[in-house]
Amino acid sequence: MSGAKTYDVTVVGAGVFGAWTALCLARRGQRVLLLDAYGPGHSRSSSGDESRIIRMGYGADEIYTRWSQRSLVQWKELFAATRNEELFRKTGVLWLAEPENPQLRATKDVLKRNGVEFEELDGDGIVARYPQINVDGIASGIREPESGVLMARRAVTAVVAEAVRIGVEFKLAAIAEPHGNGEIESLSSTAIEGSAGERFTAKTFVFACGAWLAKLFPEILADRIFATRQSVFYFGIPGGDGRFSPPALPTWLIKNDECYGMPDLESRGLKIALDKHGERVDPDTQSRMVAPEEIAEIRRYVAYRFPALAHAPIVETRVCQYENTSNGDFLIDRHATLSNVWLAGGGSGHGFKHGPAVGEYVTGQLLDEIEPEERFLFDNKDTVQRRTVY
Ligand SMILES: Cc1cc2nc3c(=O)[nH]c(=O)nc-3n(C[C@H](O)[C@H](O)[C@H](O)COP(=O)(O)OP(=O)(O)OC[C@H]3O[C@@H](n4cnc5c(N)ncnc54)[C@H](O)[C@@H]3O)c2cc1C
């Protein structure tokens, strides 16, 4: 017999959302095809950096605390089963802020309610424990000892390898973007075409295309997925100096500065990045080189908060993009007019850790087993950026 093989589900996009969706669907017996234009966790994807924070604190946005808890369990189970334990680093996560920071206060309540272990620190405690940080303006802290870092790029590869092992087919293929502002021309109710003319048939399609979602569905998403430029820096630590490695330095987020970073993992140096949104970009054309003004800004910052690194060399950089929704809530919903097409994205700078929970949720929705979560629905996505989820 000739003709394309029919799958239950074709997942387009093998970043963390698509990879976990494919794995979860296959675990439930679905025949799944997973496509990606460039490969799992590639350098231009949002999932493609070395490392991503997994933390439980989310202020009052409790759903993400619960999803993080659930996801950490699943990440660890996957890594244990595939002998990849080193892909989670329990560095601990330290939140720092000015006194009476509302997000820290709300975080403590939610962590308590959900049984997440944490330690509170006051100004003196922070100074005593972390003398390598200049705590100017900082007077309160929370440390999550069980949280840490996922080695992102390799973690996505591990998810895809496991998905393939249990039956998912992976193919390198790019779905052509629509001409103009319409729908994807090759997408019918049963098939979609790759840019080389190959045809993929399935009952259901899930588009987990990160920042590219806005390019594939411009009519509905051009004004609802805001891709922003985000630059990441690694500072070389002084030779023989253990102050910037775990356990001396955990992963940290400084709310006053909208800045976060990680200790020296795998000897790559102190990772540091600003969490504030950069300029809007196109993920295909934005420069992946950091600009001189970005270097100057981060150098000033490092000299201020980590004075011992004032003259440290920048040993690596990476330019990525956040794929923000209007407020930072994910977008996971059925397409408004194409009933067998689902959209899964809008990770908004915090989605990586939630890959397992996203995969479970999409699977539950496709199999009609769970109720939709209001805040992920398309109808709740605004066209104006007003970030509230951190
Ligand atoms: C600098 C930075 C720091 C971050 N820090 C954290 C953090 O500490 N913790 C955290 O939890 N999250 C963090 N995030 C957010 C997190 O990385 C993202 O939310 C998450 O990786 C998004 O995954 P995704 O699968 O939706 O998108 P992506 O990883 O971008 O994957 C989308 C995939 O779709 C594919 N695709 C697109 N179009 C097509 C097409 N036409 N045909 C075929 N394939 C296609 C792409 O090739 C790509 O591989 C950070 C993000 C950035 C940029």
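A salt bridge links E146 and K90; the closest N-O separation between the charged side-chain nitrogens and carboxylate oxygens is under 4.0 Å. For the pair R27 and E162, the salt-bridge criterion is not met [side-chain N within less than 4.0 Å of a carboxylate O]. In this structure, K271 pairs ionically with D49, as a charged nitrogen and a carboxylate oxygen lie closer than 4.0 Å. Ion pairing between a basic and an acidic side chain is recognised when a charged N comes within 4.0 Å of a carboxylate O; E169 and K5 show such pairing. Classification of E85 and R83 as a salt-bridged pair fails, no side-chain N sitting under 4.0 Å from a carboxylate O.
In terms of modelled atom types and a separation under 3.5 Å, the side chain of K112 and the main chain of E117 share no donor-acceptor contact. The backbone N or O of K203 sits less than 3.5 Å from a side-chain atom of N340, completing a donor-acceptor pair. Here the side chain of E144 pairs a donor or acceptor atom with the backbone of M56 at under 3.5 angstrom. Remark: the backbone N or O of V319 is paired with a side-chain donor or acceptor of R288 at under 3.5 angstrom. The backbone N or O of L150 lies less than 3.5 Å from no partner atom in the side chain of S51, so there is not a single donor-acceptor pair.
Checked against a 6.0 Å centroid threshold, the rings of Y58 and W67 do not count as neighbours. Checked against a 6.0 Å centroid threshold, the rings of F205 and H335 do not count as neighbours. Between H311 and F235, the distance separating the two ring centers is not shorter than 6.0 angstrom.
Atom CZ of R113 has more than 12 neighbouring heavy atoms from other residues, nucleotides or ligands inside a 6.0 Å radius.
Qualifying salt bridge (charged side-chain N to carboxylate O under 4.0 Å, His left out) partners for R70, counting only residues two or more places apart in sequence or in other chains: E360.
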